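Below is one structure, written out as structure tokens; comments come after it.
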Amino acid sequence: FGKTKFCLGLQIEHLKGGIFVHQTAYTRKVLKRFYMDKAHTLSTPMVVRSLDPNKDPFRPREENEEILGPEVPYLSAIGALMYLANCTRPDISFAVNLLARFSSSPTRRHWNGIKHIFRYLQGTIDLGLFYSNKSKPELVGYADAGYLSDPHKARSQTGYLFTYGGTAISWRSTKQSLAATSSNHAEIIAIHEASRECVWLRSMTHYIRKSCGLSSEKENPPTILYEDNAACIAQLKGEYIKGDRTKHISPKFFFTHDLQKNGEIDVQQIRSDNNLTDLFTKALPTELYENPSKKKIAQLHYMKIMQLV
């Protein structure tokens, strides 16, 4: 029947060097549906948020603010953007996750945030995921946390990303469900979530390779999981000890230590500038993508996640 070219809104291009997966047609359809197909473009999916909670443009609705009426399709826009963020556009994951929190009582400020994402998509409509057939078949993970990313609820943000052959195959940006008492605590929670995903991805990729005759029964080396917090790495390598620094942290979050001990995961430190999951824990400033002197940082956060054809 030939090669698949369209699948549930995903476009699949079979190229000589690999497979390019994108949602250009779907994105155009979404932009036209919300009358944003003629809008001017923007270089980032979200404006940098103020450290002052009272000046944060994405703070919760205030008492004197009017809730958007049904004539503003806020929920429909969130749904359309979530499909993009979950399939081929990890670069908008943080912005969509943040704005989805206000679905029950959105204001004009939040709707402006939605339109900001649409303008960003208008300028990056052709981005997608390129899976090269020449890259090394290796699973690599990145984990990070944005401490007090939500200062209004005293919650931090978990972000993780897994690449296979250098291209993203799994990612997540989500608000943590409990209050972290320190940045180290938030990082331990984030790497715990990444470790759980890693176990499933290791099992799945090993099964696929074995079924295709690409690996032996015993070939399943440890997965490198990059983390930029030195204290977090030291605690996880030293096992759970109920002391002054860890007695408030649930022992279940040291699940990563057991995985390291069993040879399934190898947690390694990485510079924050090189940690790809910065994209999933905060709104990055425009200068990281427009300033020529910092072009390398822009490539680390985008080009390594989305390798363009």
Side-chain angles (χ1 to χ4, degrees), residues 46 48-54 56 58-60 90 93-101 140-162 170-201 222-262 264-284 301:
M46 175 172 281
V48 177
R49 302 165 64 194
S50 172
L51 296 177
D52 184 354
N54 296 323
D56 181 10
F58 306 113
R59 61 188 181 276
S93 293
F94 174 76
V96 175
N97 176 266
L98 176 60
L99 292 168
R101 302 170 194 172
V140 179
Y142 300 83
D144 194 20
Y147 183 55
L148 290 185
S149 175
D150 183 2
H152 313 284
K153 303 278 183 162
R155 294 292 188 272
S156 302
Q157 188 83 2
T158 286
Y160 65 71
L161 166 75
F162 286 91
S170 176
W171 57 86
R172 192 181 186 194
S173 177
T174 183
K175 184 169 73 171
Q176 295 180 357
S177 58
L178 68 159
T181 57
S182 64
S183 60
N184 177 43
H185 190 183
E187 297 282 358
I188 287 179
I189 295 173
I191 203 170
H192 167 72
E193 294 297 323
S195 298
R196 293 172 59 192
E197 180 72 3
C198 185
V199 171
W200 179 76
L201 288 174
T223 298
I224 297 176
L225 184 56
Y226 289 111
E227 166 64 45
D228 58 18
N229 188 290
C232 170
I233 296 173
Q235 284 189 2
L236 291 174
K237 287 188 176 181
E239 198 170 0
Y240 178 75
I241 300 175
K242 191 173 182 180
D244 290 338
R245 293 187 177 183
T246 58
K247 63 184 179 182
H248 62 290
I249 302 176
S250 175
K252 75 175 184 178
F253 293 124
F254 286 79
F255 168 64
T256 306
H257 168 78
D258 294 333
L259 296 177
Q260 287 189 103
K261 190 175 180 180
N262 296 335
E264 296 183 56
I265 285 180
D266 179 17
V267 180
Q268 297 184 13
Q269 189 172 3
I270 190 174
R271 286 175 54 89
S272 295
D273 288 345
N274 298 334
N275 194 342
L276 301 184
T277 44
D278 265 0
L279 190 67
F280 301 89
T281 59
K282 61 182 72 70
L284 299 176
H301 287 134

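Just so it is clear, the values below take in all heavy atoms, side chains as well, and ignore hydrogens, waters and symmetry mates. This is a predicted model, so every value here is computed, not measured.
- Asn97 places a side-chain N or O within 3.5 Å of a backbone atom of Ser173 that can act as its donor or acceptor partner.
- The minimum heavy-atom distance linking Ala230 with Gln269 is given by the pair CB-NE2, 3.6 Å.
- Screening Phe162, Tyr160, Tyr142 for a ring-ring contact (aromatic ring centres under 6.0 Å, His included) with Tyr226, the sole residue that qualifies is Tyr142.
- Using a distance-only test at 3.5 Å, with no hydrogens or angles considered, a donor-acceptor pair links the side chain of Asn262 to the main chain of Asp258.
- When all heavy atoms of His192 and Phe255 are compared, the pair lying nearest together is ND1-CB, 3.8 Å.
- Between Ser170 and Leu201 there is a side-chain heavy-atom pair separated by less than 4.5 Å.
- Here the side chains of Lys282 and Asp144 are in contact, with some heavy-atom distance below 4.5 Å.
- Taking OG from Ser156 and CD1 from Ile189, the interatomic distance works out to 7.0 Å, rounded to the nearest 0.5 Å.
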query = Could you go step by step and tell me if Leu279 and Phe94 meet the side chain to side chain contact (heavy atoms under 4.5 Å, CB included) rule?
reply = CA-CA 7 Å; Leu279 190 67; Phe94 174 76; over 6 Å; no
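- Asn229 places none of its side-chain heavy atoms less than 4.5 Å from the side chain of Tyr147.
- Residues Ile270 and Glu227 are not in side-chain contact: their nearest non-hydrogen atoms beyond the backbone lie 4.5 Å or more apart.
- Taking CD from Glu193 and OG1 from Thr174, the interatomic distance works out to 8.0 Å, rounded to the nearest 0.5 Å.
- Looking at heavy atoms from C-beta onward, Ser149 lies in side-chain contact with Arg49 at the 4.5 angstrom threshold.
- A salt bridge does not link Glu197 with Arg172: none of the charged nitrogens is closer than 4.0 Å to a carboxylate oxygen.
- A distance of 11.0 Å separates OG1 of Thr256 from CD1 of Ile233, quoted to the nearest 0.5 Å.
- Taken from OG1 in Thr158 to CD in Glu187, the straight-line distance is 9.0 Å, to the nearest 0.5 Å.
- Summarising the geometry of Asp278 relative to Ser272, their closest heavy-atom pair is OD2-O, 3.2 Å, with the distance given to 0.1 Å.
- Across Ile249 and Phe253, no two heavy atoms sit closer than the pair CG2-CD1, 4.0 Å.
- Proximity of Cys198 to Leu259: side-chain heavy atoms (C-beta onward) are nowhere separated by under 4.5 Å.
- Considering only heavy atoms from C-beta on, Trp171 stays 4.5 Å or farther from Thr277 through its side chain.
- Atom-to-atom distance recorded for Leu98:CG and Asp150:CG is 7.5 Å, nearest 0.5 angstrom.
- The two atoms that bring His185 and Ala180 nearest to each other are ND1-CA, 3.7 Å, heavy atoms only.
- For the atom pair NZ of Lys252 and CD1 of Ile188, the computed distance is 13.5 Å after rounding to the nearest 0.5 Å.
- Put simply, the side chain of Gln176 gets close to the backbone of Ala186: a donor and an acceptor are under 3.5 Å apart.
- Taking each heavy atom of Ala231 and Asn184 in turn, the nearest pair found is C-OD1, 3.7 Å.
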